[in-house]
Protein chains: 2
Amino acid sequence: MYVSAYSSYSLRACSSGILLIPAPGPVFNGPLPIRGRFYVGITIYDIAKEAGVSIATVSRVFNNNPRVSEGTRAIVQEVADRLGYQPHVSARSLARRQTETISAIVPMLSNYFYAEVLKGLQDRMSATPFDLLVYSAPTLDDVGEQAEKALHRGRSAGVMLFSAPVKGDLERQLQQSDTPVVLVDCYHPGYDSISTDNRLGGEIAAEYLLAAGVQEPAVLMANPLSVPASHRMEGFRGMLERNGISLAPSHLVVSSEGYHDGFNEQAGYDGMMSLLEAGIVPDGVFATSDVQAIGAMDALRNSEYKVPEDVQVIGFDDLPIARYLGLTTLRQPMHEMGGRAFDLLMERMVHPESTVAHTVFAPALVDRQTTRSAIVA
Amino acid sequence: MYVSAYSSYSLRACSSGILLIPAPGPVFNGPLPIRGRFYVGITIYDIAKEAGVSIATVSRVFNNNPRVSEGTRAIVQEVADRLGYQPHVSARSLARRQTETISAIVPMLSNYFYAEVLKGLQDRMSATPFDLLVYSAPTLDDVGEQAEKALHRGRSAGVMLFSAPVKGDLERQLQQSDTPVVLVDCYHPGYDSISTDNRLGGEIAAEYLLAAGVQEPAVLMANPLSVPASHRMEGFRGMLERNGISLAPSHLVVSSEGYHDGFNEQAGYDGMMSLLEAGIVPDGVFATSDVQAIGAMDALRNSEYKVPEDVQVIGFDDLPIARYLGLTTLRQPMHEMGGRAFDLLMERMVHPESTVAHTVFAPALVDRQTTRSAIVA
DNA sequence: CTGAAAGCGCTTACAG
DNA sequence: CTGAAAGCGCTTACAG
């Protein structure tokens, strides 16, 4: 494979006709639209003066307080529009003792599972006044650090914590905070949560592979610190055992990457290669995520094994891409999970004392071409 | 294909051992860790009183003001730690006239290109005190709406606008704002920007396909309102013409989806199918994104065409997944783009009046197995 | 090195 | 329906 190194280049007209401008050197001479980092702009005092009312009245019209006459409301509105007034968010938050932003702490944006869940979240949020702060926490230490920021006083109206084991310091952090929390893809008895039944998913995968004639299954697992990955594996292994087949330690390959890594193509590729290099050729592979399955299939292809003829492969997640790759997998309703997570958070904000609720989705088998049963049927 | 409908279920112990709790109904009886949506917690007044100093002094130690004696600094610190004090972000922003959050307006999180760029951004940001607000703007109207929120007074120290045509209302919005802006994957003479040379990418794709023996190329393009997609296509077509080959209108299929859709697998699939159904079987296909290429390959597979033997395929982006799919493509340095975008924004915040700079990356050809030259070589 | 005071831009009882 | 005033929790000259 050949990769020409990319480079950023400057100071020449490139093929697209865009004039490239180096950091120093005056090229653009038009008026600079940017003035600084300080807030300027007009306040309620400006519009109060202009409209001939008090600031209280101005504030009332912007808060849709009914106790403002139509007349004054109209003139305030007109002045505000003309001057391009907009409330200052920090001042408003401070005075209201309430903020309109919520935070999501996710292991990494470049994990497509999270991208999909966040998409669902955003779609649901778009009809609300809330803004979304996204914190990235690839390692367990990062989770604590980012949680600290997200739970900062006045920072978030609520936080959604993704895929984190809630115990120890993190558990303490959450307990000390008054911010509503919902857990996504993880569990703790004290907090609302939304997840899919990972054990059940593993069980379904095992049943399915068994029915498809697999006799020597292997598991490509992400980092064992990941609770979802562990549950998927345990469900799989348990169902195997209930069918009289045991999962040999040699057939369980675990990613050594950081706590929430191992959910990527490379880990799947490496895991599959390590199996193959050890002379192990399973006839069925359960990967704890779709991307791992994709990596594994690449390893199989490079080693001249055919999927599903030689090796059947099943993933987990059902990313949109899985469909176009013909990947058999267990679907998590990612979009819906994001939307529901937001609903739960709103519910908790409105009723802080209501009973904690856990929503668990059942994963659904999506039968495609990387397994044999589809062919048989 | 069979998909069992997933469902959320409640009130039974599921296989994973998690007790499912319905929304109403008391099951969790432990102490509720959540108390409400209002800020509580201790302020500088509390710690000033406890430490026997003024609030000014407390503030100074938290702002690392050197003019505090070591002794008082130590006691204030101790009291603050003991009481678990943390500054209130809104109060601080208001008083400082400055906020520590920046905003990114992206078409959609579920487009993996953005997920990768944002990852690069986050990685760079993690060493800074800044937080990231993510706005999602799938349609052109949404862009205006979200920009309005992101540019709200006091909202963002800076905003990064992704893939949006900066003209008309949007241009006006930016001009009226004092917030530093950097453009990512788009261009305007008045704002710092970072992008890749899309036309050049198209040209390279054309040259490459031609060299690989393609005689009847086709283009699978995203929505024509997308400037990057248009430039890629134009570069491709131009280079073809310079080589005496013209791109017939029948061989240019354009997605009819919304302004920033068409960058997805389904669009690639549908585009390829429409070609095939019209009896057109190109021997080379340039897709304006990797995911479109993946969709197209699925269509080809379903129609029993072999890649690259019958049809060569080249994508754009070089998502991590492309490598494991053997997809030949043009790489954009997504991670680096995110990091650089942040640097540009910081630079602009510090030097509001400095010359506008445009950074353009040259896309790099990554030669893999969906084209023939790799095999020939 | 430290404190009193004004101010950041809103909201919201409290009177009228 | 409207206004004066206090307050949200900080920061930052200004004095000392």
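Proteins come first, then strands; the chains are lettered A, B, ... in the order of their sequence lines, and each starts at number 1.
Only the C1' atoms considered, dG16(D) is 16 Å distant from dT12(D), to the nearest whole Å.
In this entry the distance linking NE2 of His88(A) with P of dG7(C) reads 18 Å, nearest Å. The interatomic distance linking Arg73(A) (CZ) with dT2(D) (P) rounds to 9 Å, in whole Å. Taking atom CD1 of Ile75(A) as the reference point, atom P of dT2(D) lies 11 Å away to the nearest angstrom. Following rounding to the nearest Å, Phe62(B) (CZ) and dT11(D) (C1') show an atom-to-atom distance of 14 Å. Rounding to whole angstrom units, CZ of residue Arg67(B) and P of dC14(D) are separated by 12 Å. In this structure, the OH atom of Tyr45(B) is 11 Å from the P atom of dA4(C), given to the nearest Å. Separating the CZ atom of Arg155(A) from the C1' atom of dG9(D) is a distance of 15 Å, rounded to the nearest angstrom. Residue Asn64(A) contributes atom CG, which lies 12 Å from atom P of dT12(C) at whole-angstrom precision.
Of the side-chain N and O atoms in Ser54(B), one or more sit less than 4.0 angstrom from OP1 or OP2 of dG3(C). Between Thr72(A) and dT2(D), a side-chain N or O to OP1/OP2 separation shorter than 4.0 Å is present. Between dG9(D) and Ser90(B), no contact under 4.0 Å exists linking OP1 or OP2 to a side-chain N or O. Taking only side-chain nitrogens and oxygens, Ser59(B) comes nearer than 4.0 Å to OP1 or OP2 of dT11(D).
Of the candidates dG3(D), dT2(D), dG9(C), the closest approach to any side-chain atom of Val53(A) belongs to dG3(D). Of all nucleotides listed (dG9(D), dG3(D), dG7(D)), dG3(D) comes nearest to the side chain of Thr57(A). Across dG9(C), dC1(C), dT11(D), the shortest atom-to-atom separation from the side chain of Ile44(B) is found for dT11(D). With dC14(C), dT11(D), dG3(C) as the choices, the nucleotide that has an atom nearest any side-chain atom of Ile55(B) turns out to be dT11(D). The listed nucleotides are dG3(D), dG3(C), dG7(C); the one nearest the side chain of Arg60(A) is dG3(D). When distances run from any side-chain atom of Ala91(B) to the nucleotides dG9(D), dT11(C), dT2(C), the shortest one goes to dG9(D).
Between Tyr114(B) and Phe162(B), the ring planes are perpendicular. Angles over 60° get that label, and only those under 30° would be called parallel. Ring pair Phe130(A)/Phe342(A) is perpendicular by interplanar angle, where above 60° counts as perpendicular and below 30° as parallel.
Salt bridge annotation for Lys149(B)-Glu145(B): absent, with no cationic side-chain nitrogen under 4.0 angstrom from a carboxylate oxygen. Using a cutoff of 4.0 Å between basic side-chain nitrogens and carboxylate oxygens, Arg340(A) and Asp343(A) are not scored as salt-bridged.
No contact: Glu70(B) has no heavy atom under 4.0 Å from any strand. The residue Asn65(B) sits apart from the nucleic acid: no heavy atom pair falls under 4.0 Å.
Judged by distance alone, the side chains of Ser90(A) and Ser93(A) never bring a donor and an acceptor atom under 3.5 Å apart. With hydrogens and angles left out, the side-chain atoms of Asp192(B) and His358(B) include no donor and acceptor closer than 3.5 Å.
The strand DNA chain D forms stems, runs of 3 or more Watson-Crick or G-U wobble pairs with distances below 3.5 Å, at C:1-3 with D:14-16, C:5-12 with D:5-12, C:14-16 with D:1-3.
The shortest distance between side-chain heavy atoms of Val117(A) and Leu121(A) does not fall below 4.5 Å.
With hydrogens and angles ignored, no donor-acceptor pair under 3.5 angstrom links the side chain of Arg96(A) to the base of dG9(C). Contact annotation: side chain of Arg97(B) to base of dG7(C), donor-acceptor pair absent below 3.5 Å.
Legend: residues meeting side-chain contact (heavy atoms from CB on, under 4.5 Å) with Glu148(B), ordered by chain and number and at least two apart, are Gln86(A), Gln173(B).
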